[in-house]
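As the structure is a prediction and not an experimental result, all values here were calculated from the model.
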Amino acid sequence: MKLFAPLEDLKLLISTSDEDRLSALDGVRALALLWVFALHSAQIPMWVPPSSMKISEVYIELKQQWWFQSTIQGGTGVDVFFVLSGLLISSGYQRIKDPSFFKRYGSFLSRRFFRIWPMVFAAVMTSVLMGLCISSYSLKNAERVWAYLLLVPNFVPQSLKKSDISQLWSVGVEMQMYLITPFVVDLLVSRETGKRRSWAFLGLAMISACCVAFRVYLVYGPPQNSVVDTWPPPPLYVNPLARLSPYASGIAVHFALSDCQEGQSGGTWRRLCSFVVDVLAVSVLALSFFIGSKVLKPPFFTTNIFSPLANELMVITWPPLYGWCLARAIFRAITAPKGKDLSEWFNFWCWFRAFLSSRIWTPLAILSYGAYVLQFIIGCWALPYFLDAVNLSFSGLTRDDVLPALWRYAVVFLLFTLIGYALALPYHLFVEKPGMRLGKVLSDVISKSRRAVEAVEEGKVHSSKGQISKGQMEADLEVAGA
């Protein structure tokens, strides 16, 4: 297999979506990254001057306004990624049919590791090289890059402090979730039938409940984690068990979609219950633009209107609640009718699916991982000083200068997004895609090693009866390794 194929990958990037793919997920992924960028780009111009730790007066005013909370809560986009990962990763693992758990585990992890680690390595090396070659680029925590390369920065808090690659904590959390995915799926799915067990959804609900219980322990137990946003973040924010519930809800979407394919879901008696759940899900998703798991130091919007206890309970319960509601919305969008009946003009989920499946999201979704990993390498270095030089930072703005601050923020968001995606493109073509192909090759080697022996033994039996040829056997091996 050819690892490097930049021209083919570039054509794929600008091609239209395949109708057989879950194209609505492209919209979800792209919008989640833009939501994260909305938060991070707002943090760039708020320091005055750029190298200081003094927050501008106008930003203090903005964070108290209800209409600016959609930006402040951009960190919820990470929970969106966890839900998508739970759906896609669990379905990918279940498609591995090797009877040996160790073969399945090795094949699965080889693909997942080479899907995410090459870009992590590239981001770390880029950061280190920029620190060595550019005098104005402050190399922060260089002695702790090993934590990023081992995908455990979330367990090394000092590696996240003032780092231009600190966003990689979530990549580490995802990899740690991948490590337990085969155990969870094999527990909840019967390998004999290939179907989920009758209590699979209950099992996922228990995982979510354990996540909530752990979050309660972190806040009210001996750890005494503060719910007010700090950096480096406490375990409440970066511990994989504390963030596991959205991932579990993504696995639930995979099971629900499998039930639909087998005709196990539906029924008129469920319509009322389904409608109530839909209303709840949409309501929570709408509220996520105003409240969420991010609480800033007072004065802040939620601290101004809610008691400390209410803020604590909101931070504890919001990621699990949001994850399940988003999972419901994704399921409804994917399963929405695709025909042209007149009744579908009045179906909210059909419009929702059409919006998420728009072709505009496809390239943004494909480049989303690279853009996320590389976002701060330029943003933390050149952009703040550029904004200060062209008078686009919040320097000199008072609490009354809200409108000037908003248009400056809009420009910063646009520049931050364009730079992130422009930087992601070459890395996608020459690092990310080759890594994905390498992972597939290694996964195929692991899968074929057992299937080859079985095929040869079967071929000996059939060849003695004149029922199989060498060409047919090779074809079977090729299919087994696909």
Side-chain angles (χ1 to χ4, degrees), residues 3-4 9 29 32-33 36-37 40 75 77-78 80-82 84-85 88-89 92 108-132 137 139-181 231-233 237-240 243 247 365-381 419-443:
L3 295 181
F4 293 91
D9 294 334
R29 184 182 292 108
L33 181 65
V36 172
F37 277 8
H40 290 169
V78 175
V80 179
F81 291 136
F82 291 155
L84 291 175
S85 292
L88 297 172
I89 303 308
F108 168 78
L109 282 188
S110 63
R111 295 196 70 163
R112 300 324 309 161
F113 178 81
F114 284 99
R115 172 66 181 90
I116 66 174
W117 189 81
M119 282 298 299
V120 171
F121 177 80
V124 170
M125 291 300 101
T126 301
S127 178
V128 171
L129 289 175
M130 289 184 66
L132 295 176
Y137 187 91
L139 184 62
K140 306 177 181 71
N141 299 314
E143 71 278 5
R144 296 187 178 91
V145 296
W146 61 267
Y148 292 98
L149 296 177
L150 294 179
L151 301 177
V152 292
N154 55 313
F155 290 117
V156 187
Q158 290 304 310
S159 68
L160 303 176
K161 190 175 183 179
K162 298 182 182 179
S163 173
D164 54 1
I165 51 176
S166 59
Q167 69 277 8
L168 296 183
W169 71 265
S170 66
V171 179
V173 170
E174 286 222 22
M175 188 64 201
Q176 292 146 28
M177 292 177 179
Y178 297 163
L179 294 175
I180 66 171
T181 298
W231 202 264
Y237 195 73
V238 299
N239 188 285
R243 305 302 294 261
Y247 191 82
I366 293 175
L367 295 176
S368 62
Y369 176 57
Y372 178 83
V373 168
L374 301 166
Q375 58 180 298
F376 278 136
I377 290 180
I378 298 298
C380 280
W381 167 58
I419 291 173
Y421 273 106
L423 192 61
L425 179 58
Y427 281 82
H428 172 77
L429 298 177
F430 297 101
V431 178
E432 185 178 0
K433 288 295 288 187
M436 293 169 64
R437 292 190 179 95
L438 179 59
K440 185 178 186 305
V441 169
L442 295 177
S443 176

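- Not counting sequence neighbours, the partners of Phe108 by the ring pair (Phe, Tyr, Trp, His ring centres under 6.0 Å) test are Tyr93.
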For residues 424-433, run the donor-acceptor check on the side chains, cut-off 3.5 Å, and write out each pair with its distance to 0.1 Å, sequence neighbours left out.
from   : atom 1 : to     : atom 2 : distance (Å)
Tyr427 : OH     : Thr126 : OG1    : 2.6
His428 : ND1    : Glu432 : OE1    : 3.0
Glu432 : OE2    : Arg115 : NH1    : 2.8
Glu432 : OE2    : Arg115 : NH2    : 3.1

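- In terms of heavy atoms, Val171 sits closest to Ile116 at CG1-CD1, 4.0 Å.
- Phe155 pairs by the ring pair (Phe, Tyr, Trp, His ring centres under 6.0 Å) definition with nothing, not counting sequence neighbours.
- Taking each heavy atom of Leu149 and Trp117 in turn, the nearest pair found is O-NE1, 2.7 Å.
- Applying the side-chain hydrogen bond (donor to acceptor under 3.5 Å, both in side chains) rule to Asn239 yields no partners; only residues at least two apart in sequence or on another chain are considered.
- Gln176 approaches Pro240 most closely through the heavy-atom pair OE1-CG, 3.3 Å.
- Scored by the side chain to side chain contact (heavy atoms under 4.5 Å, CB included) test, Pro232 finds Pro157, Leu160, Lys161 as partners (sequence neighbours excluded).
- Separation of atoms OH (Tyr148) and CG (Leu168) is listed at 6.5 Å; rounding is to 0.5 Å.
- Under the salt bridge (Lys or Arg N to Asp or Glu O under 4.0 Å) criterion, no residue pair touches residues 167-178, with sequence neighbours excluded.
- Across all non-hydrogen atoms, the minimal contact from Met177 to Arg243 is CE-O, 3.1 Å.
- Ring-plane geometry between Tyr247 and Tyr178 is classed as tilted, the angle between the planes lying from 30 to 60 degrees on a 0 to 90 degree scale.
- In this structure, Arg29 forms no cation-pi arrangement with Phe81, as its terminal cationic atom is not both closer than 6.0 Å to the ring centre and no more than 45° off the ring axis.
- Between Trp231 and Tyr237, the angle of the ring planes goes over 60°, which puts this pair in the perpendicular group of the 30/60° scheme.
- Contacts of Gln167 classified as side chain to side chain contact (heavy atoms under 4.5 Å, CB included), with partners at least two apart in sequence or in another chain: Tyr372, Gln375, Phe376.
- Nearest approach of Gly370 to Met119, heavy atoms of both residues: CA-CE, 3.6 Å.
- For Ser443, the side chain to side chain contact (heavy atoms under 4.5 Å, CB included) partners two or more places apart in sequence, or in a different chain, are Ser107, Ser110, Arg111, Ser447.
- Contact check for Val173 versus Val78: no side-chain heavy atoms found under the 4.5 Å cut-off.
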